[in-house]
Structures are given as structure tokens and as C-alpha cells.
Amino acid sequence: MEGDGTQDLKHCDRDDVSHLALDIGGSLIKMVYFSSSSGCSSDDQINGYLKDGFDVSSGTSNHRVLRRKLHFLKFETSKISECIKFISSKHLQYGDQDDKDLDSDKNIVKATGGGAFKFADLFKEKLGIILDKVDEMSCLVAGANFLLKAVNREAFTYMESQKDFVQIDHKDLYPYLLVNVGSGVSMIKVNGDNDFERVSGTSVGGGTFWGLGRLLTKCKSFDELLELSHQGNNRVIDMLVGDIYGGTDYSKVGLTSTTIASSFGKAISENKELDDYRPEDVARSLLRMISNNIGQIAYLNALRFGLKRIFFGGFFIRGHAYTMDTISVAVNFWSKGEAKALFLRHEGFLGALGAFMNYEKNGFTDIGHQFMQQPSANKSSTHSDVQDNGCIECRVEVRD
Ligand SMILES: Nc1ncnc2c1ncn2[C@@H]1O[C@H](COP(=O)(O)OP(=O)(O)OP(=O)(O)O)[C@@H](O)[C@H]1O
Ligand SMILES: CC(C)(CO)[C@@H](O)C(=O)NCCC(=O)O
């Protein structure tokens with residue numbers, strides 16, 4: 001199963017988990033929740049450990065600093081029953097109740113994304129959960145702002161296979177453009193905390209890549225399609241400037257001979273069927289076309305509002321080198337180096353984190369602001385440090 005996080009919880013009892021938050025999108029369900037950090041069985045122990053090991057001088061007598069694990073999981077939306085089964089088997093829906101009344105019908109879980117509306121009745125019927133709907137765009141923004149302010153080494157640039165983490169100056173964060181590449185793409189101008197405007201979007205996004213890719217290559221999973229694209233050569237299918245200009249650059253307008261003039265353009269000029277092309281070349285061309293297009297539209301919106309930084313999130317990115325490289329090159333090319341594409345380590349979980357952060361607003365005070373991330377992905381991935389069923393250790397400030 002894509003998002004089976006069973007191993008994540010093998011050390012956690014029902015009582016250990018809390019703050020379940022969901023982002024139910026067109027392609028994927030993202031889940032975030034807290035558990036006690038393994039090896040720390042009581043708050044006193046945790047306090048003692050932290051007081052010995054870390055500086056908690058900012059705490060007052062009615063502040064405690066706890067150690068918690070934040071869990072990240074995803075499921076395919078088309079397999080929502082697996083997500084429901086998982087929540088049920090781990091009793092995650094009761095995590096925030098003091099008395100853990102298993103019969104209560106007041107199990108309220110923060111949820112965002114279109115599925116919070118579409119599947120509200122299903123969650124009520126199967127789990128007795130009432131989904132407390134939180135606006136999708138405000139969750140994306142809250143999640144991004146939180147990560148950029150509270151988590152070390154979250155944002156990075158990616159150019160020519162080089163990943164460079166960017167130190168974010170909190171005073172110089174806004175405004176920025178947030179581009180969330182999910183099934184579809186939303187572009188949001190972020191001006192501050194809870195201050196934003198969705199300025200654009202495009203339906204040519206992750207769902208397009210996966211949907212078209214599935215049809216054209218017969219790949220059985222998104223990861224398989226990505227892996228395939230690694231081995232491909234897009235020039236076999238894309239029509240390049242050089243193909244049109246007899247091998248030379250069109251230098252007068254700044255187009256080199258290797259620039260793609262027309263994505264998939266060669267497929268029209270040759271007497272070939274789909275089967276005559278290698279699936280890896282098709283996958284490569286498709287990935288390049290979609291990433292380029294997103295990079296270009298993002299740049300145009302950044303230009304529209306004079307924004308220099310564009311943060312890309314959403315599960316389409318997947319920490320995938322070629323995707324990030326293509327987007328970065330597009331932004332760099334069109335902006336003549338003026339704008340920067342930045343990526344986020346927790347790219348796919350912005351919405352779920354935003355919903356999770358929302359518990360605070362409703363009087364929940366025990367998720368504090370001292371949310372220091374210590375990267376400790378418990379499962380390595382070929383694409384990124386933390387994405388599939390990863391955990392991060394955090395220190396949480398609790399006000400008694
Ligand atoms: N394991 C996977 N299965 C399916 N799609 C995946 C997977 N991993 C990455 N993706 C890509 O991520 C996209 C979904 O990203 P994300 O979860 O951010 O969006 P979403 O919330 O489902 O969509 P939307 O916000 O438009 O409703 C897919 O369309 C696909 O391109
Ligand atoms: C509809 C949403 C917001 C659902 O997440 C997303 O898929 C999206 O932004 N699609 C692009 C729609 C458009 O602006 O053309």
C-alpha cells in the first residue's frame with residue numbers, strides 16, 4: 001500500500017497520539033499527527049532530558065518543553081478505504097480526547113482539501129469522525145509559513161544537481177509566491193501570516209503528468225513513471241529549435257539549438273505509433289513539458305507582482321532531481337536570473353500541516369511555537385529526505 005504507515009506506529013499506543021490532521025486532495029490524502037517520542041516515556045523524563053541537554057531558558061515556570069514526533073503519511077485518494085482502515089486500527093480519531101470515549105460522536109478532526117467536503121459523510125459513517133473543514137489555501141499558506149519560519153534547512157535551491165539550503169531571514173520572508181503543484185496547480189501570493197491571495201492556477205499539473213503518463217507508458221505507479229523518466233531522452237520526441245533551424249541556434253532571439261521548440265513535436269513529423277517510442281523517452285518528455293510549463297507560469301506571476309522568490313510545494317515535485325532542475329532552469333531562464341525557484345523538504349504536506357496548526361487557533365495551546373525540527377527521517381527515500389511516512393522529532397513548548 002502506498003501510504004501504509006503501520007511501522008511508524010508500532011511503538012505507539014493509542015494514548016500516545018494526538019492532533020490528527022488530514023489534507024484530502026484529488027490524488028493523495030496526506031496525514032499528520034503527533035506521537036510521544038519513543039524512548040521518552042513520561043513528560044518528566046522528557047523535561048529532565050531536555051533541561052540537561054538543551055537550552056530551555058526561554059521557558060518560564062509554567063512552560064514545559066516536551067519531545068514529540070510528528071508523523072507524515074500519505075495514501076492514494078482512490079484507496080481512501082485503506083486510510084480509513086489505518087485510522088481505525090490505530091484509533092487515531094480519539095487522539096485529542098481526554099477521556100478517550102470510544103463511543104463519542106464528537107471526534108473532531110481538522111481536515112482540508114476538497115475531500116474534506118466530498119468524504120465528510122464517509123468519515124462520519126465509518127469512523128464517527130466529524131471533519132472540521134479548514135480552507136485549503138489558508139492551510140497551504142499556514143503550512144508553508146510555519147515550515148519556513150520554524151524548521152531548519154527546509155528550503156533549498158536546486159540547480160545542475162546541486163542542492164543548496166537557504167537560510168530564511170524571518171524579517172525578509174514576505175512577499176513570496178507559493179506554487180503548490182498537486183493534481184492541479186495553485187499560485188498564491190503570500191504577504192504575511194494569514195495574508196494571501198490566490199493569484200493564478202493551472203489545470204496542467206501533477207494529475208496531468210500522472211494521468212497522461214499512465215495512459216502513454218502503462219506504468220503502474222507514479223514512482224515507476226518517475227524512475228522511467230530518469231532513463232529517457234526527451235529529444236527523441238520533442239522538436240528542438242535545431243530540428244527546425246537545421247542544427248543551428250536561433251541566436252537573434254536567444255534560442256539555442258537544443259531548446260525545446262515544441263514538446264512532443266517530433267511525434268507529428270514521423271510515421272510512428274506510440275509503440276515505436278520508448279516509454280522512458282515519453283515519460284521524460286512529459287515530465288519536462290509539465291515542469292517547464294509550471295516554471296514559466298510561476299515566473300510570469302512572480303513578474304506580475306514583482307516577487308523574487310518562488311517556493312514550490314505539492315507532491316508532484318517529489319524531491320525529484322529532474323523535475324526541480326527543469327523548474328529551476330525555466331525560472332532562471334525567463335527571469336534572466338532575477339527570480340529564484342526554491343523547494344521545500346516537506347513539499348507535499350503543506351496543507352496537512354496547515355490543518356494541524358489550526359488546532360492552536362481553537363484554544364489548543366499545547367502546540368507551542370518552539371517547534372525545532374531535528375531531521376531524523378526514519379525511512380530513507382530515493383527522492384528526498386522526508387516524504388514517505390517520515391517522522392521528525394520536535395520540541396514542543398507547553399503552557400500549563
Ligand atoms: N504515490 C503517488 N501516487 C499518486 N500521485 C503521486 C504520488 N506521488 C506523487 N504524486 C504526484 O503528486 C500529485 C498530487 O499531489 P498533492 O498530493 O500535493 O495534490 P492533491 O492534494 O492530491 O491535489 P489537489 O490539491 O489538486 O486536490 C499527483 O497528481 C502526482 O502527480
Ligand atoms: C482545485 C484545486 C484548488 C484543488 O486542490 C487544485 O486542483 C487547483 O488549483 N487546480 C487548478 C485550477 C485552475 O486554477 O485552473
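Numbers here are sequence positions counted from 1. Indexing begins at 1, ligand by ligand and atom by atom, following the structure's order. Computed from heavy atoms alone, side chains included, the values below leave out hydrogens, waters and symmetry copies.
- A ring-centre distance under 6.0 Å is not found for Phe356 and Phe146.
- In this view, Tyr158 satisfies the ring pair (Phe, Tyr, Trp, His ring centres under 6.0 Å) rule with no residue, not counting sequence neighbours.
- Contact annotation: for Phe222 versus ligand 1, heavy atoms closer than 4.0 Å belong to the side chain alone.
- The shortest heavy-atom distance from Phe209 to ligand 1 is not under 4.0 Å.
- A donor-acceptor contact under 3.5 angstrom links the side chains of Ser285 and Asp238, judged on distance only.
- Interface of Lys30 with ligand 1, defined as ligand atoms under 4.0 Å from a residue heavy atom, comprises 16 (P), 17 (O), 19 (O), 20 (P), 21 (O), 22 (O).
- Under a 4.0 Å criterion applied to the non-hydrogen atoms of Gly26, ligand 1 contributes the atoms 20 (P), 22 (O), 23 (O), 24 (P), 27 (O).
- Taking the ring centroids of His19 and Tyr33, they lie at or beyond the 6.0 Å cut-off.
- Within 4.0 Å of ligand 2, contacts by protein heavy atoms are made from Glu136, Met137, Gly184, Val185, Ser186, Arg198, Gly201, Thr202, Ser203.
- Phe117 belongs to no hydrophobic cluster, as no Ile, Leu, Val, Met, Phe, Trp or Tyr side chain comes under 4.5 Å of its own.
- Not a single heavy atom of Gly113 sits under 4.0 Å from any atom of ligand 1.
- Every ring pair (Phe, Tyr, Trp, His ring centres under 6.0 Å) that Phe311 has, sequence neighbours left out, goes to Tyr176.
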